[in-house]
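The structure appears right after this line, and notes come after that.
Numbering of ligands and ligand atoms starts at 1, following listing order. When a residue number appears, it is its place in the shown sequence, counting from 1.
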Amino acid sequence: EAKAQGKGRRVTYAPCLDQHSAEQARTAADLRVALDTGQLRLHYQPIVRLSDARTVAVEALVRWQHPERGMVRPDLFIPAAERTGLIVPVGQWVLTEACRQAARWRDELGPDGLEYVSVNVSPRQLREAGFAAQVQATLHSVGLHPRHLTVEVTETAVFDGGSGLEELHQLKRLGVNVALDDFGTGHSSLGLLRTCPVDLLKVDKSFVDNITDRGDRSVIAEALIGISDGLRLRAVAEGVETEAQAGVLRRLGYRYAQGYHFGRPMPAADLAAHVRAAHPATVG
Ligand code: C2E
Ligand code: MG
Ligand code: MG
Ligand code: MG
């Protein structure tokens, strides 16, 4: 637009807005190239059983191996991808890659290896017509049973209207598991838990962070495990960084957790080594 107004003419921007959207457009264009030239990677973070720290599942987290910027974290490009719609092909790539890897791990690690791979699905992806059918086709093509896939959505994504909720019901009918990510931080009500076909609550890191401080910091974490148990859902506590936090969570009745204390997101090869190395040590 600035160019169209002629050379040498000084253009006054609404600086934040325009710079921001120009940056997002550039990021999106670069991301298209990244997708086409294989610069995207998946890292996998252990989801552990709190009783023995055994890795029972993993969450797939996308990374962008940028030729100049190095490893770029998703917070820096997922929003742009979401806004431009590029999240749809990016998300499809993530889904296929994660499911293919999960199928490989079922062969390598056996039936007791990893229960499921968890994949983040953005609001725009979820509302895309035929999303559930695409998931079904992907599972079929890589030979992964639906029970070994968990789809992570946010409360907001489900509430945003459109066909999101219907797609989730279809996924459930397929046998795919549904997790509510960052649970407790969205602008939803607990009523969502009645209409949304959810299996698992991922209790947000913010409710874990100060859990060991004196006072009432663990009250919300305690309330959330109560709700989860009452509805017979599974709960995973996110962002556990210390053994002290893990201890409080165990005492509150949490059975599953995820966080740097148990393992950072890592490449697939490292994750397999991590699982193999950890299991003998955690028996008994
Ligand atoms: P999320 O789904 O809530 O993922 C958890 C984030 O917390 C990850 O950040 C993970 O690395 C980080 N984390 C895990 N344990 C700890 C801990 O103990 N301490 C701290 N400080 N952080 C921890 P990451 O990988 O940077 O991803 C950020 C967000 O980007 C994700 O949040 C998710 O919303 C989004 N995302 C990541 N991969 C994908 C994807 O493939 N598709 C979509 N749509 N979104 C994705
Ligand atoms: Mg997640
Ligand atoms: Mg999360
Ligand atoms: Mg989170």
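- Heavy atoms from other residues, nucleotides or ligands lying under 6.0 Å from CD1 of I220 number 12 at most.
- Listed by number with element, the atoms of ligand 1 under 4.0 angstrom from any heavy atom of R73 are 9 (O), 24 (P), 26 (O).
- A salt bridge links R250 with E243: the closest approach of a Lys/Arg side-chain nitrogen to an acidic carboxylate oxygen falls below 4.0 angstrom.
- The shortest N or O to N or O distance between H261 and ligand 1 is not below 3.5 Å.
- The two residues V178 and V153 have their closest heavy-atom pair at CG1-CG2, 4.4 Å.
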message: The test is salt bridge (Lys or Arg N to Asp or Glu O under 4.0 Å); show your working for E23 and R26 and say whether it passes.
response: CA-CA 5 Å; E23 225 170 84; R26 204 175 317 124; 5.4 Å; no
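- Remark: distances from the non-hydrogen atoms of K202 to ligand 1 are all 4.0 Å or more.
- Annotation for ligand 1: atoms under 4.0 Å from non-hydrogen atoms of Q45 are 14 (C), 15 (N).
- For the salt bridge (Lys or Arg N to Asp or Glu O under 4.0 Å) condition, the pairs that include at least one residue of residues 57-75, sequence neighbours left out, are E59-K202.
- Ligand 1 is never approached by H43 to a heavy-atom distance shorter than 4.0 Å.
- In summary, the atoms of ligand 1 found under 4.0 Å from a heavy atom of E238, numbered by their order in the structure, are 3 (O).
- When atom types are taken as modelled, the side chain of E167 and the backbone of A129 share no donor-acceptor pair closer than 3.5 angstrom.
- With a heavy-atom cut-off of 4.0 Å, K205 touches ligand 1 through its side chain alone.
- For the residues E97, R63, Q125, Q245, the heavy atom positioned nearest atom 25 (O) of ligand 1 is part of R63.
- If you check each of L76, N120, L95 against atom 46 (C) of ligand 1, the one with the closest non-hydrogen atom is N120.
- Electrostatic pairing of D209 and K205 counts as a salt bridge here, judged by a charged N lying under 4.0 Å from a carboxylate O.
- Residue L114 holds its CG atom at 9.5 Å from CD of Q101, rounded to the nearest 0.5 Å.
- Y44 and M71 are assigned to two separate hydrophobic clusters, defined by single-linkage of ILVMFWY side chains at heavy-atom distances under 4.5 Å.
- When the heavy-atom distances from atom 38 (N) of ligand 1 to V72, V62, I78, T154 are ranked, the shortest goes to V62.
- Relative to atom 17 (C) of ligand 1, the option among F77, F262, Y260 with the closest non-hydrogen atom is Y260.
- Taking the charged nitrogens against the carboxylate oxygens, R234 and E115 do have a contact shorter than 4.0 Å, which makes a salt bridge.
- Heavy-atom distances between E82 and ligand 1 stay at or above 4.0 Å for every pair.
- Considering backbone and side-chain N/O atoms, Q258 never comes within less than 3.5 Å of an N/O atom of ligand 1.
- Remark: R127 CZ is packed, more than 12 non-hydrogen atoms of other residues, nucleotides or ligands lying under 6.0 Å away.
- With sequence neighbours left out, T27 forms a side-chain hydrogen bond (donor to acceptor under 3.5 Å, both in side chains) with no residue at all.
- Near S122, the atoms of ligand 1 lying under 4.0 angstrom from a non-hydrogen atom of the residue are 44 (N).
- Using a non-hydrogen distance threshold of 4.0 Å, G91 does not register as a contact of ligand 1.
- Under a 3.5 Å cut-off, the side chain of Q45 and the backbone N or O of G263 do form a donor-acceptor pair.
- Atom 3 (O) of ligand 1 has its nearest heavy-atom neighbour, among V90, V121, D182, in D182.
- Distances under 2.8 Å from the Mg ion (ligand 2) pick out the protein N/O/S atoms E59 OE2, N120 OD1, E152 OE1, D181 OD2.
- Contact atoms of ligand 1 toward E241: 17 (C), 18 (O), 19 (N), 20 (C), 21 (N) (distance under 4.0 Å to a heavy atom of the residue).
- Residues meeting the ring pair (Phe, Tyr, Trp, His ring centres under 6.0 Å) test with W64, sequence neighbours left out: H66, F77.
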